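As the structure is a prediction and not an experimental result, all values here were calculated from the model. Quick note on labels: first sequence line is chain A, next is B, and so on, each numbered from 1.
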Amino acid sequence: MNAPEPTGGELTPTEMMTIAAARLLVNYRVCFVGIGIPSQAANLAKRHHAPKITLIYESGTIGVSPGVVPLSIGDEALASTAESIVPMGELFGCWLQAGRIDVGFLGAAQVDRFGNLNSTVIGDYARPEVRLPGAGGAPDIAAFAKSTLVMIRHEKTKLVPELEFTTSLGYLDGCGARKRAGLSGGPQAILTDLAILRPESQSQEFVVDQIYPGITREQIRDATGWDVRFAEHCREIEPPSPEELQCWTRLRNETIEARQRPSAVISGPPAERR
Amino acid sequence: MTAFLPLSAAIAEHVHDGDFLALEGFAHLIPFAAGHEIIRQRRRELTLLRLTPDILYDQLVGCGCARKLIFSWLGNPGVGSLYRLRDAIEHGFPHSLELDERSHAAMTVAYAAGAARLPMGICRGYAENALERVNAKAHQRLDCPFTGERLLAVEALNPDVTILHAHQADRQGNILMRGILGVQREIALAADKLIVTVERVVDRLARTADDCVLPHWIVEAVCEVPHGAYPSYVFGEYARDNDFYLKWSDISKSREAFQQWIDRHVLATQDHRGFLDSLRSELGTRA
């Protein structure tokens, strides 16, 4: 799920998801990127159609152009290309909580129909069945970015009727509850590997808005843990253009190559003893 | 006065069973050599603090060094799970681990408060923060006395010992580091004692005005350990070994494979140089 997958001609569903997410990012926006697929989508957007987007990683690197997709949120390519590197306290306080982020990316293990997220535990908190990574920057991105995009694999155990732990807030239980809780913003889309869901304006429940090429409504119903509905105008998403495909393939291949380069620390001759 | 010590002597002298320790580094400058030396010296019952416990804390917990973990995100960034940490939390192996879990934002203000010797840090709070519920000891609500805004108060963090890795020290013990510094300054100042491993000790720091210099009089000990952050990286010196991070999942997935790796590369080696030679010879065998 996290590393770019080498493929032949056909796009994998995950790759379609990456391209669909990249399309939602535009020039002159300030985007708080997460690792994994969000990072792939953000770097694809920057290469393909949004060279003037500002990408920020939580390591405190602002305005980066790493070239390939970094593996971690603090790779050297982020530091060496950043317009500014700030301490993390400044990033979360003066940039995120102060309202300077237009769009934040969020991943999670579970999402509910109102876009609330669980990235903490499956099962009991004290003795969980599965211990997930935890909050990191997510709850504050979810609360204080002007908008967010959620990326998650479309499976019944992931798009669930009820979260086992609420790590990050979407629209709480809908119908304006988020606003009443004192928060603006909120998730504008959930991107899966089958479809894009968007919140209905009144209920704020996420409904299927666009479907990827070759995917059926039945497939989506079967893979969703709640009784998912389809927007009236729901249609198939535009397939990737040849330019998008070419740009993505190059980014993916260059990224894989860069990650496999052996480290000079342990592949060269031993250093002289000082 | 700053002491210049071999790493093994610095750990023996300054890190004790039951201590509250921070080995920080946000993907950058992670003090791996120091962590491995703690494993070699078989420290126990440690409280480990870090925003992002990664492979190094997976190793320390897997080796049974820790009693408690204070953190905000545990995972191998871009790769997946830390299986030794999960084994401890999910199954209590090698023993159970007490958790004090916060968000990145809450941790950064707790570090800054610790550095300033204040009892708490403050962030913008928000409704329904579930971490406040499961970790009420570290999170409390507070009404701003000026505006009435409901804020989140976070308990300050002050480790007994902070260990960092840096680019250079001069012969007085002034420390230079550059690149992504994350929370390094705050955690250096929050600790009772600061130990720094460095790539090299030099007569004069190769600094520009905006490089972070920690003054010698807050540094307890300096240890020269070339490549001491490997497999993480030192900006401008050597790159992160992403291939190693990608392979870690297979090593840490099973208790047996993990123990074999630790036995061979950490416990059977004398020091960080021996550790790197051991990895180099394994790489040579495979090639």
Side-chain angles (χ1 to χ4, degrees), chain A residues 1-3 35-36 39 58-61 70-76 78-80 85 87-89 91-93 96-97 120 125 127-140 143-144 165-167 169 172 181-183 258-268 270-271 273-274, chain B residues 26-28 51-52 71-75 77-81 85-86 89-90 92 101-105 108-109 111-112 123-124 126-131 134 150 179-183 185-186 200 224 226-227 230-231 233 235-236 238-246 273 276-277 279-280 283:
Chain A
M1 164 105 182
N2 286 321
I35 49 164
S39 183
E58 67 185 13
S59 51
T61 44
L71 181 62
S72 87
I73 28 34
D75 279 19
E76 179 148 23
L78 298 173
S80 58
I85 306 177
M88 283 186 70
L91 186 71
F92 280 94
L96 178 60
Q97 291 182 22
T120 304
Y125 179 79
R127 189 47 79 88
E129 279 165 54
V130 182
R131 176 63 225 199
L132 302 163
D140 292 270
F144 302 118
F165 189 97
T166 304
T167 314
L169 300 178
L172 288 84
L183 294 173
R259 286 182 190 174
Q260 286 168 345
R261 219 168 281 152
S263 162
V265 177
I266 58 159
S267 66
R273 198 175 269 277
R274 279 203 279 259
Chain B
F26 199 79
H28 178 215
L51 262 66
T52 53
F71 73 103
S72 42
W73 194 87
L74 51 93
V79 181
S81 283
L85 270 162
R86 277 185 57 183
I89 298 168
E90 293 167 11
E101 179 172 7
R102 312 176 182 196
S103 71
H104 280 352
T108 59
V109 297
Y111 278 37
C123 333
R124 179 147 287 154
Y126 53 86
E128 319 241 356
N129 177 351
L131 283 175
V134 296
R150 199 92 174 120
I180 291 171
L181 298 182
V183 288
R185 288 176 85 103
E186 292 88 338
R200 65 186 68 83
E224 191 179 43
H227 299 131
Y230 174 89
Y233 75 101
F235 182 72
Y238 49 92
R240 188 175 193 263
D241 190 351
N242 279 333
D243 191 44
F244 182 89
Y245 278 80
L246 289 166
R273 190 188 166 80
L276 295 176
D277 285 343
L279 289 185
R280 192 178 291 116
L283 196 71

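- The choice from A/Met88, A/Arg261, A/Gln260, A/Arg127 that makes the most heavy-atom pairs within less than 4.5 Å of chain B is A/Met88.
- Distance check: A/Ser72 OG to B/Tyr245 OH gives 7.5 Å after rounding to the nearest 0.5 Å.
- Distance check: B/Leu74 CG to B/Leu85 CG gives 5.5 Å after rounding to the nearest 0.5 Å.
- Heavy atoms closer than 4.5 Å to chain B are found in the side chain of A/Ala143, but not in its backbone.
- Ranked by heavy-atom pairs under 4.5 Å with chain B, the list A/Gly93, A/Gly182, A/Pro262, A/Pro139 is led by A/Pro139.
- With a 4.5 angstrom heavy-atom cutoff, B/Tyr233 touches chain A only via side-chain atoms.
- Only the side chain of B/Phe71 comes within contact range of chain A, judged by heavy atoms closer than 4.5 Å.
- Both the backbone and the side chain of B/Arg124 have a heavy atom closer than 4.5 Å to some heavy atom of chain A.
- Annotation: B/Glu90, atom CD; neighbour count of heavy atoms from other residues, nucleotides and ligands within 6.0 Å is above 12.
- For chain B, the option among A/Arg131, A/Glu58, A/Gln97 with the highest count of heavy-atom pairs below 4.5 Å is A/Arg131.
- For chain A, the nearby parts of B/Phe235 are the backbone and the side chain; heavy atoms of each come within less than 4.5 Å.
- Of the listed residues A/Asp75, A/Ile73, A/Thr166, the one with more heavy-atom pairs under 4.5 angstrom with chain B than any other is A/Asp75.
- Here the CZ atom belonging to B/Phe26 is positioned 8.5 Å from the CD1 atom belonging to B/Ile180, to the nearest 0.5 angstrom.
- Both the backbone and the side chain of B/Ala105 have a heavy atom closer than 4.5 Å to some heavy atom of chain A.
- The most heavy-atom pairs under 4.5 Å with chain B, out of A/Gly134, A/Ala79, A/Pro128, A/Pro133, come from A/Pro133.
- Proximity to chain B (any heavy atom under 4.5 Å) is restricted, for A/Leu132, to the backbone atoms N, CA, C and O.
- Looking at A/Glu129, the atoms closer than 4.5 Å to chain B (heavy atoms on both sides) all sit in the backbone: N, CA, C or O.
- Ranked by heavy-atom pairs under 4.5 Å with chain B, the list A/Pro70, A/Ser80, A/Ala138 is led by A/Ser80.
- Interface remark: A/Thr61 contributes side-chain atoms only to the contact with chain B (heavy atom separation under 4.5 Å).
- One finds the OG1 atom of A/Thr120 at 6.0 Å from the CG atom of B/Leu131 (value rounded to the nearest 0.5 Å).
- Within the 4.5 angstrom heavy-atom criterion, no atom of B/Arg185 approaches chain A.
- With rounding to the nearest 0.5 Å, the separation of OG in A/Ser39 from CG in A/Leu71 is 9.0 Å.
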